Amino acid sequence: MKEAQYEGADAVRKDHVLVAVRFRPMSDREYQRGDREVWECEGQAVGIADQDTGMQVKFMYDHVFGGAASNADVYGAVASPIVASALDGINGTIFAYGVTSSGKTHTMMGSGAAPGMVPQAIAQVFATVARAGARTEFTLRLSMMEIYNEVLNDLLDPARSNLKLREDPRRGVGVEGITEENLVSAEHAIQVIARGNENRKTAATAFNEGSSRSHTIIRLSIEARDRPGANADPSFRGRRTFSLLNLIDLAGSESAKAEIHSKQRMEGSFINKSLLTLGTVIHKLAEGNAAHIPYRDSKLTRLLQSSLTGSGARVAVVCTVTPASTQAEETHNTLKFASRAKKIAIAAKRNEIMDQSTLISRYQEEITTLRSQLDIVMREQLAQRENLLASVRNLGTVRGTTSIMLAEREFLQAQLSASDEHSDKLARALERMRLQLAESRGVDPDAIGYGLDEDVAGESAAVVSAARTLRHGYDHVLAEKVLAMESKVGAAIDALRAKEEQIGSQRAVLASLAGLEDQIQGQLSEVTAENTTLRGENACLRRELDRLEAQNNHVQGYYLDDLSHAELSELIGTLTQAVERVRITVQLRRLARGKRGSNVSLLGGETPSTGMSREAMRAALQELQLHSPSTSDKLTNGHAPDVPTEA
Ligand SMILES: Nc1ncnc2c1ncn2[C@@H]1O[C@H](COP(=O)(O)OP(=O)(O)OP(=O)(O)O)[C@@H](O)[C@H]1O
C-alpha cells in the first residue's frame, strides 16, 4: 500500500459524526458491461487501485467495509452503539447516503437472510427492554414517513400527506399529525415497517427499476421510566428519559443529468435540493460555521436539524459505494461527502424529563440533603463555639497565674530593696562605730583601722561579714527568683498572644460558618417554597384534569348521533379550550422552571397524570368531528346535550 496524502486522517474522534463507507460487490450487470474495480479499501483507508504501485490512499474513515462485509458487521460497528445510547436517552440518527443501487436499502433494510440496520435495531431495542424487566418501563412509538418531491407523507397512513413540520421544545422538530404506532413487540414493529414499505413510492430510473425516489425516515421514539423502588441505586429513582432514533434511507444522490424523463428530472431536482441542502449543511457544520446554516431550505435538513446541531445527538452516516469504473466519479463524490461529514462535531446529551411527582420527590431529596448539610454545619459551629469558650476560660486561668506571678515578683523586689536598705544601715552603723572609736581615742578616724581594737575589729568584721553574707544570700535568691519569674511571665505572655490569635481565627471561621448557614437556610426556604407552589399547582392541574376527564366521560356517555352539529362544535370548542388551557399552564410552568436553570421539562404534548395524551384527546375530537355531519338528521329528536359548563 502506497502512503500518500489523504483527507481527514485525524478526524476519527468519538465526538464527531461517525462515518462508515461500505463497498458493495460489483454486480453482474457491471461485470457484463465490462466494468473494472477502480476503488479499493484496506483497513480504514479507501484509495484508487493502481496496477503498478498498489492502492493509492485517498481517504480515511471511522470504518470501511469491503464487499465481503455482512450487514451484521456493519450494524455491530456503526449502529449498535448509537441504538444503545438512544435507549439511554440520547438522540440517535443513522442514515445511508449514496447513489442509486449502491446498497443503501440493502444496508438499512436488508433481507430475511441478512437483516439490515432497521430490523437489527428493533431486535436490539426489544432485547434491552426484555433485559430491563421490571426495573424500567419503556414506551416505544414508531412513525414512518417519506419525503418525496419536498412533500412529507405518512407512510403508515397514506391518507395523511403533505404534513407540516413543527418545533417541539422537548422532541426537537416533529411532524404534525403523523401516525405513531405504539409498539408491543419486535414482530409488531417489523409488521408496521413492512406496512410502511408497501406505501413507499418508487419510480424507475436509469439505474434501477425498483429504486427509491424518496427519502424514507423511520423514527422510533423511546421513553424510559425507572419504576419507583425497582432500582437499587437511589440516584436513579424516578429517572425518565426521552429520545428519538432516526433510521434514514436517503434517495439516490446521483446528479440530475442522469435523469431521462421530465417527471424524473423534477424528482431528481427535488431529491437533489434536499441532498444538496444536506451537503451544504454538512459542509458548513464541518467548517464549524454554526451561523446561517440553511436547515430550513429543505424538509430533510429541517427534520434532521436537532440531530445535526450538536445539541445532544449521536449521528452515523453509512456511505454506500460501488467500486465499478463507470461510476468512479459518483463514488468519488460520495467519498468527498463522507469526508466532510466526518468533520462535524456532535455532543451527546441525555434528554432527561421529570414529571410532577418525580420533580416533587427530587425536591424532597434535595431538601433532605440540604437539611443534613445544615445539621453538619450547625454541629461544627457548636463544636467551634465550645472550643472558643474553653479557650476563653483557659485565657482567664493564664491571666490569673500571670497576675499572681507579677505580685510575687513585686514582693521579691520589695524584699530586695529592703535587704539593700538593711545592708546600707549596717554599713552606716559600722562607720558610726569607727568614728566613735576614733573620737574616744582622740585620734584621726583615718588612723583607725578595723584591726586596732581586737574586740571592735572583730565585732565590726563580724557585722560586715554578716551583712555581706546576708546581702549575697538575698542577692542570689532574688536574682534566681526574678529570673524564674521573668521566664514564667514571658511564657505566659507568649501563650496569651497565641490564644488571642487562635481566638481571632476561630472568630473568622464562625463568621464564615454563619454566612454558610444563612446561605443554606436561604436555599432551603427557596426549595421549600417552590415545593409548596408545585404541590399547589399540581393540585390545581389535577382538579382541572379531573374536571376534563369528567367532561370527557360525560361526553362519551352521549349518543353522538343525538347531538346537533352546532352542539358538537360547541362541545369540541369547550374541550379544545380546556385542553389548550392545561397545555398553556404546563408550558408556562415549564418556562418558569426553565428560568431558574432547571433542566425540567414537562410532558409537552401530554396531559399529566391522567394518562390521556394530547394525541388521544385530539383523536377523540377528530372522531367527534367525523360523526358530526351525520347528527343533523337526529336534531329533530330534541336531545339537547347536557354539557357540563366549565368551572
Ligand atoms: N453489500 C452488498 N452485498 C451484496 N449485495 C448488495 C450489497 N449492497 C447492495 N447490494 C445489492 O445491490 C442491489 C442494489 O442495492 P440497493 O437496492 O440496496 O441500492 P440502493 O442504494 O438502496 O438504491 P436506491 O437508491 O435505488 O434505493 C440490490 O440487489 C442489493 O441486494
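Order of appearance sets the numbers: ligands from 1, and atoms from 1 within every ligand. These figures come from a predicted structure and were not determined experimentally.
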Is a salt bridge present between E167 and R302, judged by a nitrogen-to-oxygen distance below 4.0 Å? yes

Quick one: which of H106, M109, R29 has a heavy atom closest to atom 31 (O) of ligand 1? H106

Are side-chain N/O atoms of D88 and S85 paired as donor and acceptor at under 3.5 Å? no

Is there a nitrogen or oxygen of R24 sitting under 3.5 Å from a nitrogen or oxygen of ligand 1? no

Has N182 got a side-chain atom pairing as donor or acceptor with T139's backbone, closer than 3.5 angstrom? no

Within the 4.0 Å heavy-atom cut-off, what V99 brings close to ligand 1 is backbone

Would you say S101 has any N or O atom under 3.5 Å from an N or O of ligand 1, going by distance alone? yes

Ignoring hydrogens and angles, state whether a donor on the side chain of D226 or T136 is under 3.5 Å from an acceptor on the partner side chain. yes

Those residues that, when tested against Y97, pass ring pair (Phe, Tyr, Trp, His ring centres under 6.0 Å) (two or more places apart): F337

Set of residues satisfying side-chain hydrogen bond (donor to acceptor under 3.5 Å, both in side chains) with respect to T107, sequence neighbours excluded: R22

For R22, atoms of ligand 1 separated by under 4.0 Å from a heavy atom: 1 (N)

Under a 4.0 angstrom heavy-atom cut-off, which atoms of ligand 1 come close to T105? 18 (O), 20 (P), 22 (O), 27 (O)

Minimum heavy-atom distance between S243 and A86, given as atom pair plus value: OG-O, 2.5 Å

Can you find a non-hydrogen atom of G98 under 4.0 Å from ligand 1? no

Considering both backbone and side-chain atoms of K104, is one of its nitrogen or oxygen atoms within less than 3.5 Å of a nitrogen or oxygen in ligand 1? yes

What do you reckon, does T107 have a nitrogen or oxygen under 3.5 Å from a nitrogen or oxygen of ligand 1? no

For ligand 1, find out whether one of its N or O atoms is nearer than 3.5 Å to an N or O atom of P25. no

